[in-house]
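Every number for a ligand or one of its atoms is a count from 1 in the order of the listing. FYI, the numbering just counts along the sequence from 1.
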Amino acid sequence: MALIQLEKLSKSYGRGNNAVSILKDFDFTFNAGEMLAITGKSGSGKTTLLNLIGAVDFADSGRYLFNGEEKRFRNVSDGVRFRAQNIGFIVQHFALIDDFTVYENVLMSLWETPTKPHERKKKVLEVLERLDILDLKDKYPPQLSGGEKQRTAIARAIVRKPAIILADEPTGALDAAAEKNTMDILKELHAEGTGIIIVTHDPEIAAQCDRTFELVKG
Ligand SMILES: Nc1ncnc2c1ncn2[C@@H]1O[C@H](COP(=O)(O)OP(=O)(O)O)[C@@H](O)[C@H]1O
Ligand SMILES: [Mg+2]
């Protein structure tokens with residue numbers, strides 16, 4: 001069953017004569033539980049597409065259906081609410097908050113969810129244990145290796161148990177061992193039924209997915 005359907009979606013940046021069209025009448029389907037690689041040249045709109053799927057940014061026209069239901073985001077808080085319920089985001093440079101501990105970085109992911117405080121603590125500790133970073137819970141991001149930062153970022157993305165994880169070049173800044181570890185975790189989540197979309201330049205990463213979708217500009 002389709003989890004995500006985009007129908008004739010269009011997105012441009014800028015206005016009037018300066019408007020640059022990134023996606024035009026774009027159709028796309030993602031099935032529940034799939035593991036999909038999105039490839040394409042730099043500037044082809046891969047990040048733009050993930051941002052539209054994750055409601056970080058909004059399309060100019062077209063339809064977005066999630067679980068068969070049309071989504072009409074009116075403002076940023078609609079997007080925040082939608083993400084809190086459905087989406088886990090992982091980005092190349094981790095986007096951790098340096099003044100927060102590992103524990104707090106993961107905990108903040110539950111702020112927008114209706115989880116009770118004592119349940120939050122339990123959920124965070126469980127996910128830290130799962131990613132083998134429980135012993136790092138009181139450390140701050142600048143004290144971590146790249147692989148440890150990525151595992152913290154993954155913990156933050158999955159603690160809400162999202163239906164889908166959007167990973168934007170998640171292995172781009174990692175060494176080989178940390179890259180394998182990241183892929184192993186994503187594949188494990190996929191085996192449990194979580195949908196995964198990975199933007200990548202790396203054919204070896206794409207080959208580990210069920211399907212590859214190449215984005216061509218325009
Ligand atoms: N907020 C923005 N304002 C204006 N142009 C943007 C913005 N974000 C991205 N772009 C432009 O849109 C194009 C697609 O960007 P992006 O989706 O980041 O591509 P990719 O992730 O495939 O490299 C690029 O030419 C980029 O410069
Ligand atoms: Mg990008």
Side-chain angles (χ1 to χ4, degrees), residues 3-30 34-66 71-80 82-83 86-97 141 146-147 149-150 152-154 156-158 162 164-175 178-179 182-183 185-186 190 195-218:
L3 179 65
I4 292 168
Q5 274 172 281
L6 307 182
E7 295 175 3
K8 295 198 176 311
L9 217 67
S10 294
K11 174 70 184 172
S12 49
Y13 293 114
R15 284 167 198 275
N17 290 338
N18 294 323
V20 181
S21 170
I22 307 298
L23 298 173
K24 191 159 168 44
D25 293 335
F26 182 79
D27 293 322
F28 174 85
T29 301
F30 178 83
E34 231 186 329
M35 184 159 182
L36 172 73
I38 294 182
T39 61
K41 294 203 176 77
S42 180
S44 58
K46 303 181 296 298
T47 297
T48 301
L49 175 60
L50 285 197
N51 286 344
L52 295 177
I53 292 173
V56 174
D57 199 359
F58 309 113
D60 305 324
S61 61
R63 291 187 350 131
Y64 179 178
L65 291 95
F66 191 88
K71 292 284 157 193
R72 294 170 186 276
F73 304 108
R74 283 152 308 174
N75 51 42
V76 171
S77 17
D78 281 353
V80 170
F82 171 72
R83 273 199 299 290
N86 303 296
I87 309 268
F89 245 105
I90 302 170
V91 297
Q92 182 173 1
H93 294 287
F94 321 123
L96 300 172
I97 296 180
K149 284 183 196 168
Q150 185 60 297
T152 305
I154 294 172
R156 185 185 52 187
I158 70 174
I164 178 166
I165 291 174
L166 306 177
D168 198 350
E169 306 194 29
T171 60
L174 300 177
D175 62 31
E179 173 180 311
T182 297
M183 285 308 290
I185 296 162
L186 292 177
H190 170 52
I196 315 268
I197 298 182
I198 306 179
V199 166
T200 184
H201 288 295
D202 186 341
E204 281 180 31
I205 301 277
Q208 296 175 56
C209 299
D210 302 330
R211 177 164 76 96
T212 298
F213 182 94
E214 189 183 355
L215 204 55
V216 180
K217 192 163 186 173

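- With I4 as the fixed residue, the side chain to side chain contact (heavy atoms under 4.5 Å, CB included) test singles out one of L36, T29, I53: I53.
- For the atom pair OG1 of T152 and CG of L96, the computed distance is 6.0 Å after rounding to the nearest 0.5 Å.
- Within 4.0 Å of ligand 1, the residues that place a heavy atom are Y13, I22, K41, S42, G43, S44, G45, K46, T47, T48, K217, listed by chain and number.
- Between I97 and P141, the shortest heavy-atom distance links the atoms O-CG, 3.5 Å.
- When side chains are defined from C-beta on, V80 counts as touching R83, because their heavy atoms get closer than 4.5 Å.
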For N51 and K11, what are the C-alpha separation, side-chain angles and deciding distance, and is it a side chain to side chain contact (heavy atoms under 4.5 Å, CB included)? CA-CA 11 Å; N51 286 344; K11 174 70 184 172; over 6 Å; no
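- Of the possible polar contacts, one joining the S10 side chain to the D25 backbone as a donor-acceptor pair under 3.5 Å is found.
- Judged purely by atom type and a 3.5 angstrom limit, N18 has no side-chain atom pairing as donor or acceptor with the backbone of G14.
- Distance alone, capped at 3.5 Å, places no donor-acceptor pair between the K8 side chain and the R63 backbone.
- Excluding waters, the protein N/O/S atoms found under 2.8 Å from the Mg ion (ligand 2) are T47 OG1.
- Residues I197 and L49 form no side-chain contact, since every pair of their non-hydrogen atoms from C-beta on lies 4.5 Å or further apart.
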